[in-house]
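Input: a single structure, listed below in structure tokens.
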There are 2 protein chains.
Amino acid sequence: MRKEDSTNLANQLFLHKSCKVNEALDLISGRWKALILIYISEETNRFSLIKAVLDNKISDQTLGRQLKDLEISNLIEKEILPGFPVRVNYYLTKKGKALLPILDALDKWTEQYHETKLSSDLE
Amino acid sequence: MRKEDSTNLANQLFLHKSCKVNEALDLISGRWKALILIYISEETNRFSLIKAVLDNKISDQTLGRQLKDLEISNLIEKEILPGFPVRVNYYLTKKGKALLPILDALDKWTEQYHETKLSSDLE
DNA sequence: CAGAATCCCTTGGGATACTG
DNA sequence: CAGTATCCCAAGGGATTCTG
């Protein structure tokens, strides 16, 4: 295979495959989005509980935005409970649930390769 | 389980599990990083080839930074070839290779759930 | 309680020009 | 060829305040 061919092949990869990876990453690359998804997966959650589990290190404004982003991305949905004051429950969609194993894989990957700086890294 | 307990449990999850997911995402969330990793996986690559495969939509400056980031993250390594002008080959490390299946999973996930906006999303 | 409005600041990435 | 230096801009996220 000549060099031009391999370049063309690579262009195919870029156009047809790689872009989709970035699509996925865009949806979960928010500062807190993956954390929110993982936490919501554990149990039904309300706004203030999610904030609490994030150690209150996220502002209301930011949490609201991230939740809205996740909703727009169709990863979560919310149910507004009747009564006052207003309470809201957040759920994962099927799409969101399908992402959990991948987030778990990322977690395991980080754990496995955490600070390996050995010459044996190249195989 | 009382509410306080579940909150505490969630705090454990946050501290022990979720942070690592973000560690991983931080390494690959650069605008081009996942794309670069996928392309490098296909074959040995040089700076200008990587740029070409990205359709020249990335500036030299940015490409240099992303490659350096990936190197610092220990996802790739480079080999400087003797001679002039200088040529450089980039390789995936074991850590980087281990990430490919996950990137592939993200790709498949995107494809599978691309624009599903149905009420059946909630199961 | 669950957010939206406003304001501000940091960061990432683009463009261009230069170098060993 | 493979970068680095410099400059710039848009976007993301934080803090605070306000509201239904």
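Worth saying up front: this structure is predicted, and the values here are computed from it rather than measured. Sequence lines set the chain letters: A, B, ... in the order given, protein chains first and strands last, and positions in each chain run from 1.
The cationic group of A:Lys95 lies under 6.0 Å from the six-membered ring centre of B:Trp109 and within 45° of the ring axis, placing it in a cation-pi geometry.
B:Lys51 has no side-chain polar atom (N or O) that falls below the 4.0 Å cut-off from OP1 or OP2 of D:dG3. Within the structure, every side-chain polar atom (N or O) of A:Tyr90 is placed at least 4.0 Å from both OP1 and OP2 of C:dC1. Taking 4.0 angstrom as the limit, A:Arg46 places none of its side-chain polar atoms (N or O) nearer than this to OP1 or OP2 of C:dC1.
B:Leu81 and B:Tyr90 end up in different hydrophobic clusters when Ile, Leu, Val, Met, Phe, Trp and Tyr side chains are linked at under 4.5 Å. No continuous path of ILVMFWY side-chain contacts below 4.5 Å connects B:Val88 to B:Phe84, so the two sit in separate hydrophobic clusters.
Among the nucleotides C:dC1, D:dG3, D:dC1, the one closest to any side-chain atom of A:Ser48 is C:dC1.
A salt bridge links A:Asp104 to A:Lys108: at least one charged side-chain nitrogen sits closer than 4.0 Å to a carboxylate oxygen.
Separating the CG atom of B:Leu70 from the P atom of D:dA2 is a distance of 17 Å, rounded to the nearest angstrom. Between B:Leu81 atom CG and D:dA2 atom P there is a gap of 9 Å when expressed in whole angstrom units. Note: CG (A:Leu67) to C1' (D:dG12) measures 16 Å, nearest angstrom. Nucleotide D:dG12 holds its P atom 13 Å from the CG atom of A:Leu27, rounded to whole Å. Atom pair B:Leu49:CG and D:dA2:P shows a separation of 7 Å (rounding to whole Å applied). Atom CG of A:Asp26 is separated from atom C1' of D:dA11 by 12 Å (rounded to the nearest Å). Distance B:Glu71 CD to D:dA2 P: 14 Å, rounded to the nearest Å. Counting to the nearest Å, the C1' atom of D:dT4 and the NZ atom of B:Lys78 are 11 Å from each other.
Between A:Ile40 and A:Asn45, the shortest heavy-atom distance links the atoms CA-ND2, 3.6 Å.
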key: Contact pattern, 5' to 3', of nucleotides 13-20 of chain C - B, S or - by protein heavy atom under 4.0 Å   = BBBB----
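With a 4.5 Å cut-off on side-chain heavy atoms, B:Thr110 and A:Val21 do not count as touching. Within the 4.5 Å cutoff, the side chain of A:Leu54 has heavy atoms near those of the A:Ile36 side chain.
Over its length, the helix from C:dC1-D:dG20 to C:dG20-D:dC1 turns its helix axis by 50°, as judged from the five terminal pairs at each end, rounded to 10°.
Judged purely by atom type and a 3.5 angstrom limit, A:Thr93 uses its side chain to pair as donor or acceptor with the backbone of A:Asn74.
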message = Run A:Tyr91 and A:Glu79 through side-chain hydrogen bond (donor to acceptor under 3.5 Å, both in side chains) and show every step you take.
response = CA-CA 8 Å; A:Tyr91 301 90; A:Glu79 170 197 24; 2.7 Å; yes
